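For reference, the structure is listed below as structure tokens.
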Amino acid sequence: MSSSSLAAPRATRRGDDTCVPATDTRSAQAVVRVTGLSKRYDDGFQALKDVDLEIRRGEIFALLGPNGAGKTTLISMICGLVNLGAGQVTVDGHDVVRDFRAARACIGLVPQELHTDAFETVWSTVSFSRGLFGKPPNPAHIERVLRDLTLWGKRNNRLLSLSGGMKRRVMIAKALAHEPSILFLDEPTAGVDVELRREMWELVRALRDNGVTIILTTHYIEEAEEMADRVGVINGGEIILVDEKTELMRKLGRKQLTLHLQEPLDTVPASLSAYSLELAGDGHELVYSYDAATDSTGIAELLTDLKAADIRFRDLHTEQSSLEDIFVSLVRESR
Ligand SMILES: Nc1ncnc2c1ncn2[C@@H]1O[C@H](COP(=O)(O)OP(=O)(O)O)[C@@H](O)[C@H]1O
Ligand SMILES: [Mg+2]
């Protein structure tokens, strides 16, 4: 992939349809700012509850949550597709309600449901998207986008003749046609096979490396773990937590030490009750859980106390909880 066209645009003129920061926010960190956002749908269902969120320029932010958590609602509101209930959203300093066109010009959106006009060609579909933003034609830009997404050879093909992976890339090309600096991907790999998922991940990374801020929603923990610089966990319309992915895993990650015992135990001896111990494997395994983030793990003391209790082990191994374990326990706690 070449580095040119997927780069965040450099604005050359000020106008409603060109993505230009409202104030001098170009150097500021937050490129999207969501404050006190709530949403109640017409049927009375409250889909978002007092959401605050900041997206930093140039990052890949993964909004992770189970189906029905409110991910699509949240990004649809940021993109101005769903009316705001309470709260405020700014995109590059532009209020998405008062200054809709300027805000929208900065945003590319690849929706969860892929709508394509089967009889259109790749070229006209993508060019048309640019026109929707009132931008003057720029065949050179469209060509670069199509080349970068390896769609150039298919530019005259009708969409119905394309594979699923190519159709997805056309949707991304459409979203990039008007040179946005922020790209929203709503469940970019839902229902796609493993190979295509990897291809998408590489593509998204390449976009980020060229300066596009990426916000993706996913219910695949693996995807957030693989892709994100920061992760926001959403459940039941509330943001439960936002953190650097690595911090999240370090802080919330539990470690487990499993000791394979020489002789099985019926119960954990009372002399070891101070430790967080559980028996597993029909009493053949003693599992010690500890906080991976603290300086003192307690392992040295535990081994001393095991010896004093005359409990011998053949082998031991440690395991660090994955983002999946963290996510499952967070979602459970927030219910
Ligand atoms: N137009 C709507 N009217 C009423 N309820 C809706 C509407 N759109 C979504 N919802 C509900 O809001 C909740 C969040 O939906 P959504 O934002 O699509 O979640 P996600 O994208 O995380 O799966 C769901 O319970 C869904 O049924
Ligand atoms: Mg959704």
Side-chain angles (χ1 to χ4, degrees), residues 32-55 60-89 91 96-97 100 103-104 107-116 164 167-168 171-172 174-175 180 182-193 196-197 200-201 203-204 213-228 230-243 245 248 323-324 326-335:
V32 175
R33 189 168 275 133
V34 173
T35 326
L37 198 62
S38 294
K39 176 68 188 179
R40 193 180 284 282
Y41 280 111
D42 291 344
D43 62 1
F45 183 80
Q46 182 151 22
L48 288 182
K49 296 167 195 159
D50 199 21
V51 169
D52 292 324
L53 186 63
E54 284 190 358
I55 306 296
I60 297 182
F61 184 89
L63 189 61
L64 174 67
N67 283 326
K71 303 181 294 296
T72 298
T73 301
L74 177 54
I75 69 168
S76 301
M77 286 172 85
I78 297 173
C79 296
L81 301 177
V82 168
N83 289 335
L84 297 197
Q88 200 197 20
V89 179
V91 174
V96 296
V97 178
F100 172 73
R104 191 64 183 81
I107 292 173
L109 169 66
V110 182
Q112 186 169 1
E113 307 294 338
L114 305 182
H115 298 290
T116 51
K167 282 196 189 109
R168 271 176 200 267
M171 297 306 289
I172 296 177
K174 278 179 69 166
I182 308 162
L183 184 64
F184 287 82
L185 296 157
D186 197 2
E187 306 259 359
T189 65
V192 311
D193 62 32
L196 192 51
R197 182 168 299 164
M200 281 295 293
W201 289 349
L203 187 59
V204 169
T213 304
I214 309 274
I215 298 154
L216 63 88
T217 73
T218 185
H219 64 274
Y220 295 118
I221 293 133
E222 190 196 357
E223 186 151 273
E225 192 163 359
E226 171 81 23
M227 297 294 301
R230 288 194 309 141
V231 177
V233 178
I234 184 169
N235 189 41
E238 289 177 282
I239 300 268
I240 307 170
L241 164 153
V242 177
D243 212 338
K245 179 186 64 191
L248 187 64
L323 189 56
E324 172 149 17
I326 297 168
F327 176 64
V328 167
S329 64
L330 274 174
V331 167
R332 199 178 293 137
E333 276 168 27
S334 75
R335 275 204 189 117

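In this chain, residues are counted from 1 in sequence order. Since the structure is predicted, the reported quantities are computational estimates derived from the model, not experimental observations. One-based numbering, in listed order, for ligands and for the atoms of each.
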For [X], atoms of ligand 1 separated by under 4.0 Å from a heavy atom:
| X | value |
| --- | --- |
| N67 | 23 (O) |
| A47 | 12 (O) |
| D43 | 4 (C), 5 (N) |
| A69 | 19 (O), 20 (P), 22 (O) |

query: Any protein heavy atom lying closer than 4.0 Å to atom 26 (C) of ligand 1?
result: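 No, there is none.
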
Q. How about atom 8 (N) of ligand 1: does it have a protein heavy atom within less than 4.0 Å?
A.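 Protein heavy atom within 4.0 Å of atom 8 (N) of ligand 1: present.
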
(message) Please check this pair: side chain of K39 against backbone of N83, looking for a donor-acceptor N/O pair closer than 3.5 Å.
(response)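 Yes: the side chain of K39 pairs with the backbone of N83.
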
Is P66 touching ligand 1 with its side chain, its backbone, both, or neither, if touching means heavy atoms under 4.0 Å apart?
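Only the backbone of P66 comes within reach of ligand 1.
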
Please identify which of these residues, E222, E226, E223, meets the side chain to side chain donor-acceptor pair (under 3.5 Å) condition with W201.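 Per the side chain to side chain donor-acceptor pair (under 3.5 Å) rule, the option paired with W201 is E223, out of E222, E226, E223.
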
Next item on the list: Would you check if T218 and L185 make a side-chain contact, meaning some heavy-atom pair closer than 4.5 Å?
Entry: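 SC-SC contact between T218 and L185 ruled out.
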
Item checked: G70 touching ligand 1 at heavy-atom level, < 4.0 angstrom ->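 Yes, G70 has a heavy atom closer than 4.0 Å to ligand 1.
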
Q. What about K71: any of its N or O atoms under 3.5 Å from an N or O on ligand 1?
A.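 Yes: some nitrogen or oxygen of K71 is under 3.5 Å from one in ligand 1.
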
